[in-house]
Amino acid sequence: MSEMTKPVKTRFAPSPTGFQHIGGMRTAFYAWLLARHYGGKFILRIEDTDQERKVPGAIRFILEELKWFGVDIDEGPSREELRAIGEDYPDAPNLSSPHGPYIQSLRKARYQEVANQLIKLGVAYRCDCTHEMLERERLEQMARREVPGYSGYCRTRDVPADKPHVVRFKMPYKQEIALQDALRGKVVFESASLKDPVLLKSDGLPLYHLAVVCDDHDMGVSHVLRGTEWLPTAPLHWLLYQALGWEPPVFCHLPVVLGSDGKKLSKRHGATSSDIFRKEGYLPEALFNYVVLVGWAPGQGSNQEVFTREDLIKQFTLEGINLSSGLFDYNKLIWMNGLYVRQLPIEEFISRCESFLTQAGLPGADATFRAIAPHIQERVKILTEVPDMVSFLYKEAIDREIDSMLQKGIDASKAKEMLSVGRGALQNLPDFSHSAIDAALRPLAEKFGVKPGPLFMVYRIAALGKKITPPLFESLEILGKDRALKRFSETEQLLG
RNA sequence: GGCCCCAUCGUCUAGCGGUUAGGACGCUGGCCUCUCACGCCGGAAACAGGGGUUCGAGUCCCCUUGGGGUCACCA
């Protein structure tokens, strides 16, 4: 796209019908990034015109989710607006609301005003057809293998305003409608594919089509970023802008995000809501980075894929967005999360582990954990792995994968002897540091005629229980002499 | 089915008429090494097919195929 000619203002406009899945969040990220890149504004608007589908608490969830990702909002529902629909909560942000309300159910009068304007303009009309009539019409059309849609029966009936009615848009019968999409260029539709759609429902609330056009205009939105599912109805929005004499925004229909099986992202794919990602131990900055990368790349020959937030703001433009839908690859996310985990300053790593530790029933970030933390940080990909890696330091009795120590010519009696000799070597150590432990145990390998690896595996299983652990000597040091020796002798007993 | 969108390794992508088609994840061989992880070195792996345009097409055009979206008083 060429240069931005007007101030950039983008919006995220979710409907509060439950959790946002990660594909929807990506749309929010792109809109936010675009606004920040051009030094514009990012607004949040709640599209709750379907009163039946709204779920209590969903707005709070969206707000907290955006906050978790560090997506800050310039304009959005004020505290008062939240209160007006019963969705206020302690610590709710009181967003600046210069073109408010930013909650559609609070803008009813405005939509009715615009609907009336459209009727006066002759491009919309009242319709009182019943659901039954509509259904019968639809069935007949399908029987005749026609495209289903409203026939336009009420177009000329002049239904009085005091009768229950909807307001429909008078779709031109046979006309090409061309609209500009920022990513695809000119897209041409036949008007026949859209048949007199409803703009205002009989309950007086608008349908999406009326509400978006009206709000995006009223709120000064310059760029509409939304999923491709909106592309087929975009001509209607375009026509509405024309009828009203409003300048349309730049439309940008984003490809969808699919699950790893190529199907639309859903619960079946495991985590799809940011809430679940958080609980599973993903870092918001890693998730943000990864999600932005599904469908966007810096281009210009750049290979960069790890970005700080500032990098992203600096480099994000519409040109980098890809046209084809992308699969969400959990493998790559996990890899990237590991990368971010490793980059965390140690103190930060420790504090982020805290809640995962306590949730697993461990004491939390105590001295023991602080000691082992540097050794597990580089082995962790997602934070939920942490408790398992350190639990050997907290349990009184550990389970031991005995089979793993009995290998490469080491049978039970030999292992037992190794433990006994090793215990002797450690017993006299005045300084139970990892380097001293190393120095005491390493020479024993030669004595037993084995490589250090297999010998240390015996000690590893004995003291830590598992085949895969943090480094042995450091772990022993943190475990402490008494407990280390006790675990050695316990194992000797176990081996008969 | 109608309409619309899309098409480079399994996945995310670089490429914007002339390249040994590059990178990343994953997979895999090796090194490092007390296990694992990290790190480093190497490998297998792609232009969906067919027509054009051009001296020359992954790059431009058309068709086919494949995938996706959408056809509500939901968004």
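In what follows, every chain begins at residue 1, and chains take the letters A, B, ... in the order their sequences are listed.
You'll find a donor-acceptor pair under 3.5 Å spanning the side chain of A:S202 and the base of B:C73, going by distance alone. Side-chain to base pairing of A:R342 with B:C38: no donor and acceptor N or O lie closer than 3.5 Å to each other.
With a 4.5 Å cut-off on side-chain heavy atoms, A:H434 and A:L476 do not count as touching.
Counting any heavy atom pair closer than 4.0 Å across all strands shown, A:T228 reaches sugar-phosphate atoms only and no base atom. Backbone-only engagement by A:V188 is indicated by non-hydrogen atom pairs under 4.0 Å involving sugar-phosphate atoms exclusively. Contact annotation for A:G295: backbone-only contact, meaning every heavy-atom pair under 4.0 Å involves sugar-phosphate atoms and none involves a base. Residue A:K466 is classed as having no contact, given no heavy-atom separation below 4.0 Å to the nucleic acid. Across all strands shown, A:P471 has heavy atoms under 4.0 Å from base atoms, whether or not it also approaches the sugar-phosphate. Across all strands, A:V198 comes closer than 4.0 Å only to sugar-phosphate atoms, never to a base (heavy-atom distances).
Between A:F29 and A:W296, a ring centre-to-centre spacing not shorter than 6.0 Å is recorded.
Distance noted for atom C1' between B:G49 and B:A7: 12 Å (whole Å). Rounded to the nearest Å, the gap between the P atom of B:A48 and that of B:A14 is 15 Å. Taking atom P in both B:C71 and B:G39, the straight-line distance is 46 Å, to the nearest Å. B:C61 and B:G42 are spaced 38 Å apart, taking the P atom of each and rounding to whole Å. Taking atom P on both B:A21 and B:G43, the two are 15 Å apart, rounded to the nearest angstrom. For the C1' atoms, the distance from B:C3 to B:U11 is 30 Å, rounded to whole Å.
When both pairing distances are held under 3.5 Å, B:U19 makes no Watson-Crick or G-U pair with any nucleotide shown. Pair assignment for B:G42 gives B:U28, based on Watson-Crick or G-U wobble hydrogen-bonding distances that are each under 3.5 Å. The base-pairing partner of B:U65, taking Watson-Crick or G-U wobble contacts with both distances under 3.5 Å, is B:A7. Under the Watson-Crick or G-U wobble criterion, with both distances below 3.5 Å, B:C34 is left unpaired in every strand shown. For B:G58, there is no paired base (Watson-Crick or G-U wobble, both distances below 3.5 Å).
Judged purely by distance below 3.5 Å, without hydrogens or angles, the side chains of A:D215 and A:Y111 pair a donor atom with an acceptor atom.
Of all nucleotides listed (B:C73, B:A75, B:U70), B:U70 comes nearest to the side chain of A:P232. Taking only side-chain atoms of A:N322, from C-beta outward, the nucleotide of B:U70, B:C73, B:A14 with the closest atom is B:A14. Checking B:C73, B:C12, B:A75 against every side-chain atom of A:V166, the shortest atom distance belongs to B:C73. Side chain of A:E305, nearest nucleotide from B:U35, B:A24, B:A75: B:A24. Nearest nucleotide to the A:N303 side chain, out of B:C25, B:G23, B:U35: B:G23. With B:G26, B:C74, B:C5 as the choices, the nucleotide that has an atom nearest any side-chain atom of A:W335 turns out to be B:G26. If you check B:U35, B:C34, B:G23 against the side chain of A:T469, the one that comes closest is B:U35.
A:F277 and A:Y282 have perpendicular rings, their planes meeting at more than 60° on a 0 to 90° scale where under 30° would count as parallel. In this pair, A:H253 and A:F251 present their aromatic rings parallel. The plane angle is below 30°, not in the 30 to 60° band.
A:H131 qualifies as a stacking partner of the B:C73 base, centre to centre under 5.5 Å and near-parallel within 30°.
The backbone N or O of A:L236 lies less than 3.5 Å from no partner atom in the side chain of A:T233, so there is not a single donor-acceptor pair.
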